[in-house]
Amino acid sequence: MTLGSLPFTASTHEIDALHERLRTRAPGVHRAELPDGSPVWVITGYDAVTMLLTDPNVSAAKADSTMGFRGNKLPPALDANLLNLDGEAHRRLRSLAAEAFGPRHHRFHEEIVWTAVTELVADLPAAGRIDLMTGLCEPLPVRVTGTLLGLPQEQLGAFREASAPLFRSDASHEADALRKSMTTLWGLISEAIAGKRREPGQDLLSTWIAARDGQDRLTEDELVSLAFLTIIGGFENTISSTSFVLDELVRHHQARARELLDRPTEFTTLIRQLVGTATPMNYAVRRFPLADIEINGVVIPHGHTVYASLRSAHLDPAGHGRPNLTFGRGRHYCLGAPLAHLQADHAARAVLSKYPHLHVTGPRETYRLRESWMTYALAELTLTT
Ligand code: HEM
C-alpha cells in the first residue's frame, strides 16, 4: 500500500509523531510519492537507515536512477556536487574538500566563528524582545561560510536570498522560483570564482581554483558545484540547527548552561548534545540501490528512489546510546559538522553571557516553521529578557 505524500508533509510541529508512525507501522519500509508525484520508497529506523547510508551498493548519484529521477533538476554546473556523486569521482572530490574542513583548520575556523558571533551579538538590543533569528541565527552561517569561501561581503545577502528556496521543496507553484534562484546562485558563484581568478586570496575558493587550474584535480563543474554545496549545506541546516539549539537551551537547560559558562569543555559537551538532538534534516538525500536490496523483508528494486528517514532513526530506541545520525553516516557524512558545532557553541555562549536571563515567548508549537518537507526548521525565534 502506498502512503501517498504523507511522509513529505511540510511545516508540521507533529514531525516526530509522523516519523514515529512511519517507523512503527510494519514493516517500516513504505511506498510513497514525493509532492511532485515521483514514486519513492521511505525507509525508517536506526538500523535500516544506517545500513542504507553505509552500503557501498547504494548510490547517491541520480545517474544511477532507473526511474528517470531528476529531483530539483539542477543544471550540470551545480549537479556535479558531492551529494550527487559516488564511487571514484566522489572519493577524489571529497578528499580535496575534506582538507579544507579538517582539524588542522579548527583554530582558524573558530576565529572566524568567534568574530562573526561577537559582532552580531553586540548589535542585538540590550534588553526587551530579542529577535535571534534575524539578528544571529540567519546571518551567522552566511558570514562564516562567506568568509571561509571568500565570497564578496556585499553580496552575502544575495547569496542567502538565492539559496533559501532550495530547501522549500514542497509546493509545485514554487518550481519557477526554484529555477530562478538556482540560476541566480549559479551566476553569483561564477562571478565570485571569476573574481578570485583575477585576485586570489586566503580562502577556499582560491584554494579550489588552484586545485582546478594548477593541478587539474577537479573539473570546472565540480568547482562550481563544490562552492554551491558548501553554500547550501553551510547556510540552511546551520540556521535551523543553531536556532533550535538556542530555543532548546533557553527552554530546558538555561540554569545548567549558565553554571557551565566558565567550564568550557563541559559547556561544549552540553551544546554538542543539543546539536545531536536538533536533526534539522528529516531525510538524507535520495539514494538508488545498484542492485535489488532487501530491507525488513521488503525488496527494493535496483535503481528505485529511496528516502531514508533520519528523523525516525533519531527517535528509534534502537539508536539510543549509539552515534546520532544528525549529520548522516558513511561516505557522505557531513563535512561541515565541526563548523556547525562551533557556531552553536559560540552563539550559545555569547547569548547567555550577554543576557542575565532569557524567556521563550510561547510553546514551540506556536512558532512559525519554514515551508519545507526536507527539514523541520523554525522560521522565527524571539526571546525576551
Ligand atoms: C547543523 C548543521 C548541519 C547539518 C544538520 C548537516 C547535515 C548533513 C547531512 C545529514 C549530510 C549527509 C546527507 C546524506 O548523506 O544524504 C550532510 C552532508 C554535507 N554537508 Fe552538512 N550539515 C550541516 C552543516 C554543514 C555545514 C556548515 C557545511 C559546510 C560549510 C556542510 C556541508 C556539507 C557537505 C559538503 C556535505 C556532503 C558530503 C558528501 O557528500 O561527501 N554541512 N550534511
Side-chain angles (χ1 to χ4, degrees), residues 43 49-50 52-55 58-62 71 78-87 89-102 105 109 112-113 116 137 140-151 159 163 167 203-205 208 222 225-246 271-272 274-288 305-311 313-314 323-345 347 374-378:
I43 67 150
V49 169
T50 306
L52 189 94
L53 296 183
T54 51
D55 187 342
V58 174
S59 166
K62 278 183 275 188
L78 306 181
D79 226 358
N81 71 66
L82 287 167
L83 284 171
N84 189 35
L85 292 172
D86 242 312
H90 177 261
R91 268 192 294 280
R92 171 177 48 79
L93 206 59
R94 179 156 172 125
S95 75
L96 176 73
E99 281 169 25
F101 293 99
H105 302 285
H109 291 175
I112 293 175
V113 171
C137 300
L140 175 61
V142 179
R143 281 198 196 185
V144 168
T145 316
T147 309
L148 263 184
L149 280 172
L151 304 179
F159 274 97
S163 71
F167 274 58
D203 48 63
L204 285 186
L205 277 187
W208 293 339
E222 287 169 348
S225 295
L226 195 51
F228 168 72
L229 187 60
T230 308
I231 288 167
I232 58 166
F235 287 8
E236 292 304 317
N237 279 328
T238 316
I239 294 170
S240 311
S241 171
T242 307
S243 51
F244 187 89
V245 166
L246 289 173
I271 301 301
R272 283 187 79 86
L274 296 182
V275 171
T277 60
T279 313
M281 284 178 74
N282 295 327
Y283 294 98
V285 298
R286 75 282 167 260
R287 297 293 203 271
F288 309 98
T305 312
V306 187
Y307 274 83
S309 158
L310 295 175
R311 188 160 298 279
H314 176 69
N324 70 63
L325 300 181
T326 294
F327 292 101
R329 179 67 67 82
R331 60 199 184 281
H332 290 280
Y333 181 81
C334 178
L335 280 172
L339 201 58
H341 279 124
L342 273 177
Q343 292 180 70
D345 193 330
M374 286 194 215
T375 61
Y376 171 70
L378 304 179

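Numbering of residues begins at 1 and proceeds along the displayed sequence. Order of listing sets the numbers, starting from 1, for every ligand and every atom in it.
With a 4.0 Å heavy-atom cut-off, ligand 1 is reached by no atom of Ala344.
In this pair, His332 and His90 present their aromatic rings tilted. The plane angle is within the 30 to 60° band. Ring pair Tyr307/Tyr283 is perpendicular by interplanar angle, where above 60° counts as perpendicular and below 30° as parallel.
The backbone N or O of Ser240 sits less than 3.5 Å from a side-chain atom of Ser243, completing a donor-acceptor pair. Between the Ser241 side chain and the Asn237 main chain, no donor and acceptor come within less than 3.5 Å of each other. Using a distance-only test at 3.5 Å, with no hydrogens or angles considered, a donor-acceptor pair links the side chain of Ser95 to the main chain of Arg92. Side-chain N or O atoms of His105 include none that pairs as donor or acceptor with a backbone N or O of Phe101 at under 3.5 Å. At distances below 3.5 Å, at least one donor-acceptor pair connects side-chain atoms of Arg287 with backbone N or O atoms of Val285. Using modelled atom types, no side-chain atom of Ser163 and backbone atom of Ile232 make a donor-acceptor pair closer than 3.5 Å. With hydrogens and angles disregarded, a donor-acceptor distance shorter than 3.5 Å links the side chain of Asn84 to the backbone of Lys62.
Given atom 28 (C) of ligand 1, the protein heavy atom at minimum distance is Gly336 CA, 3.4 Å. Counting protein heavy atoms only, atom 11 (C) of ligand 1 is closest to Phe327 O, 3.8 Å. The closest protein non-hydrogen atom to atom 21 (Fe) of ligand 1 is Cys334 SG, 2.3 Å. Scanning the protein heavy atoms around atom 39 (C) of ligand 1, the nearest turns out to be Arg94 NH1, 3.4 Å. Of the protein's heavy atoms, His332 ND1, 2.7 Å lies nearest to atom 40 (O) of ligand 1. Nearest protein neighbour of atom 35 (C) of ligand 1, counting heavy atoms only, is Leu229 CD2, 3.7 Å. Of the protein's non-hydrogen atoms, the one nearest atom 13 (C) of ligand 1 is Leu83 CD2, 3.8 Å.
Partner Arg329 forms a side-chain contact (heavy atoms from CB on, under 4.5 Å) with one of Leu310, Thr50, Val49 and no other, that one being Thr50.
Those atoms of ligand 1 with a heavy atom of Ser241 less than 4.0 angstrom away are 1 (C). Each of the following atoms of ligand 1 lies closer than 4.0 Å to a heavy atom of Ala340: 1 (C), 2 (C). Those atoms of ligand 1 with a heavy atom of Arg287 less than 4.0 angstrom away are 14 (C), 15 (O), 16 (O). Atoms of ligand 1 lying under 4.0 Å from any heavy atom of Arg331, numbered from 1 in the order shown and given with element: 41 (O). For ligand 1, the atoms closer than 4.0 angstrom to any heavy atom of Met281 are 7 (C), 8 (C), 9 (C), 10 (C). Remark: ligand 1 atoms within the under-4.0 Å shell around heavy atoms of Phe101 are 29 (C), 30 (C). Counting the atoms of ligand 1 from 1 in the order shown, those under 4.0 Å from a heavy atom of His90 are 39 (C), 40 (O), 41 (O). Of all atoms in ligand 1, numbered sequentially from 1 with element shown, those under 4.0 Å from a heavy atom of Gly233 are 24 (C), 25 (C), 26 (C), 28 (C), 31 (C), 42 (N).
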